[in-house]
Each structure stands twice: as C-alpha cells, then as structure tokens.
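Working notes for the structure below.
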Amino acid sequence: MPPKKKKPVKQENSSIRIIAGQWRGRKLSVGNEDGLRPTGDRLRETLFNWLAPYIHQAKCLDAFAGTGALGFEALSRGAEHVQFVEKNPRTAEHIQKNAKTLECSAKIDTCSFTSWQSNNNSAYDLIFLDPPFQADIWQNSFEHILNNVTLNDEAIIYVESPKDKTLTPPESWLLHKEKTIGQVRATLYKTNLHDPR
C-alpha cells in the first residue's frame, strides 16, 4: 500500500500590532510575502515619539508600504490621511482589507514608488521611506520625491536603512533625529522648501 501523501502545510498569515492611539493593541493580518520586513515595535515606538509634535492631522505618504505598519500607526495616532504605495498586489490587498476594516482615510496604489505619480495633487506633511534593503533604492527614491512629490512647508521625511549604508540626502533635507537600533538606522529629516534642492 503506497504511503499517504502529506497535505501541504498552509502558511498562516502574520500580524502587526498597533502600538498606541485609537486602535492601540489592535492586531492586523499582513500575510507572509517574501521580503516583508515590518518596522519592529521598539523602532516604531521611537519613531512615533519623535513624530508626536507633527502627526496630528498630517497627510502622510507610506512610499514602500509593505505591511502598512507605519501608515496605520500614523492613522491610529491622529494622522488625517495616508497614501500607501505598494507594488506587490497581494501585499497591497492586505493593506486594502485592513483599511476597510478600520474604516480609515487611506488610499492604496499598487505600483513601484519610483514610478508612482500622485493623481490628486495632494501635498504631504510626512513621508515614510522604508524600501526593501536588498533593492538599494534610497537615492532613486530621494530623487523621485524631489521631482514628483509635493510637500507642505517643513515636511518630515523618515528614512529606514541598514546601519552601515551611506546615504546622500538632498541638501534641502535637514537632519533632525537619528538612531541605530540593532542593524537598522532610523533617520528623520526636516525639509527646507526655501532651497529647491
């Protein structure tokens, strides 16, 4: 009698936990797509402590949304709206479902950030820039923001990168906060719109 075939193990979805705000403690399903690297709770807590003076009613752009952890945390803490950009259709679908569940002000575009174009003439107060580390796309993303994204006065740019990665931000981005946690560097810039570059 031939041996019974084993049933394939169904991979369970992962989840993220919202740390604070109106959805504090809420867990959101995010799937298990390759390359997903949600910002850890410790780093997210540090980031949003930095952002506390700026987050209320902010219009945010989550440029490499992934799980949507940063954008949903921002909404939970009082951001007015988040534009998510995520090129993986399955990952984007999870973001869409979570946005619908939370009944929040969010829009999801499924494309690469460096080819993304805003179609509603929005100006942003806060940009989350946390691309896949292996893609090495930080500099291209900086250029795309400079040339294609409208920012409000003194907008904030958050950049997440490996601690040993050297980045060259635009001269008009002024270093505001920086911290290394484990192998990740978190950097916060303020933009100076009086200098077009």
Side-chain angles (χ1 to χ4, degrees), residues 14-30 36-86 94-95 98-99 101-108 113 122-133 138 141-142 145 149 151-170 172-193:
S14 298
S15 64
I16 55 170
R17 180 180 64 88
I18 295 179
I19 298 170
Q22 64 174 318
W23 303 315
R24 179 180 180 180
R26 187 81 173 261
K27 289 186 176 181
L28 301 175
S29 174
V30 296
L36 278 183
R37 183 189 47 78
T39 300
D41 286 5
R42 182 181 170 199
L43 184 50
R44 240 187 312 151
E45 187 67 63
T46 296
L47 169 61
F48 282 93
N49 285 342
W50 290 348
L51 294 177
Y54 314 105
I55 200 70
H56 182 63
Q57 294 188 333
K59 293 179 180 176
C60 307
L61 171 60
D62 196 346
F64 295 86
T67 63
L70 296 178
F72 286 123
E73 189 74 39
L75 288 165
S76 182
R77 295 178 186 235
E80 179 181 322
H81 177 79
V82 174
Q83 167 70 63
F84 292 96
V85 180
E86 171 51 51
H94 272 282
I95 296 172
N98 286 330
T101 298
L102 296 172
E103 298 181 340
C104 58
S105 178
K107 185 174 185 295
I108 297 90
F113 175 62
S122 288
Y124 296 97
D125 304 296
L126 173 59
I127 295 180
F128 298 111
L129 194 63
D130 178 20
F133 284 5
W138 289 273
S141 299
F142 295 166
I145 291 170
V149 179
L151 303 176
N152 284 323
D153 194 25
E154 295 188 345
I156 300 289
I157 315 287
Y158 170 68
V159 180
E160 199 166 306
S161 61
K163 71 174 184 180
D164 56 355
K165 177 70 178 177
T166 300
L167 301 178
T168 306
S172 57
W173 295 11
L174 310 177
L175 180 63
H176 182 51
K177 300 274 189 181
E178 188 173 43
K179 186 170 185 177
T180 299
I181 295 179
Q183 299 300 309
V184 177
R185 177 179 290 119
T187 311
L188 210 62
Y189 297 98
K190 280 187 173 182
T191 58
N192 178 4
L193 296 187

Within this structure, what is the [atom1]-[atom2] distance for the pair [X] and [Y], rounded to the nearest 0.5 Å?
X	Y	atom1	atom2	value
I55	D125	CD1	CG	9.0 Å
I145	I127	CD1	CD1	4.0 Å
E86	I108	CD	CD1	10.5 Å
L188	L175	CG	CG	8.5 Å
I181	E45	CD1	CD	10.0 Å
L167	R185	CG	CZ	7.5 Å

Chi angles and distances behind the side chain to side chain contact (heavy atoms under 4.5 Å, CB included) call for L70, L47: CA-CA 9 Å; L70 296 178; L47 169 61; 3.8 Å; yes
So, does [X] use its side chain to make a donor-acceptor pair with the main chain of [Y] at under 3.5 Å?
X	Y	value
E73	I19	yes
H81	S105	yes
N98	L28	no

Kindly give the heavy-atom pair with the smallest separation between [X] and [Y], and that separation in Å.
X	Y	value
S76	I18	OG-CG2, 3.5 Å
A63	F113	O-CB, 3.4 Å
G71	F84	CA-CE2, 3.7 Å
A106	L75	CB-CD1, 4.4 Å
P131	E160	CD-O, 4.1 Å
I16	A69	CD1-CA, 3.6 Å

Check the angle between the aromatic planes of Y54 and H176 and answer parallel, tilted or perpendicular using the 30° and 60° thresholds.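 Geometry flag for H176 against Y54: perpendicular rings.
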Under 30°, 30 to 60°, or over 60°: which ring-plane class applies to W173 and Y189, parallel, tilted or perpendicular?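 It falls in the tilted class, 30° to 60°.
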Candidate pair S29 and H94, rule side chain to side chain contact (heavy atoms under 4.5 Å, CB included), full reasoning: CA-CA 7 Å; S29 174; H94 272 282; 3.8 Å; yes
So F64 and F133, ring-ring contact (aromatic ring centres under 6.0 Å, His included) or not? Walk me through it. CA-CA 11 Å; F64 295 86; F133 284 5; over 10 Å; no
For a 4.5 angstrom cut-off between non-hydrogen side-chain atoms, does V159 reach P169?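 When only atoms from C-beta onward are counted, P169 and V159 do not touch, as no gap falls below 4.5 Å.
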Indicate yes or no: at least one non-hydrogen side-chain atom of L126 is less than 4.5 angstrom from one of K59.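 Not in contact.
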Side chain to side chain contact (heavy atoms under 4.5 Å, CB included), that's the test. Do R26 and F72 meet it? Break it down for me. CA-CA 10 Å; R26 187 81 173 261; F72 286 123; over 6 Å; no
Centroid-centroid under 6.0 Å between Y158 and F48 rings: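 No, the ring centres sit 6.0 Å or more apart.
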Given T191 and N152, is the side chain to side chain contact (heavy atoms under 4.5 Å, CB included) satisfied, shown in steps? CA-CA 9 Å; T191 58; N152 284 323; over 6 Å; no
Pairing residues for K107 by the salt bridge (Lys or Arg N to Asp or Glu O under 4.0 Å) criterion, not counting sequence neighbours: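 K107 satisfies salt bridge (Lys or Arg N to Asp or Glu O under 4.0 Å) with D109 only.
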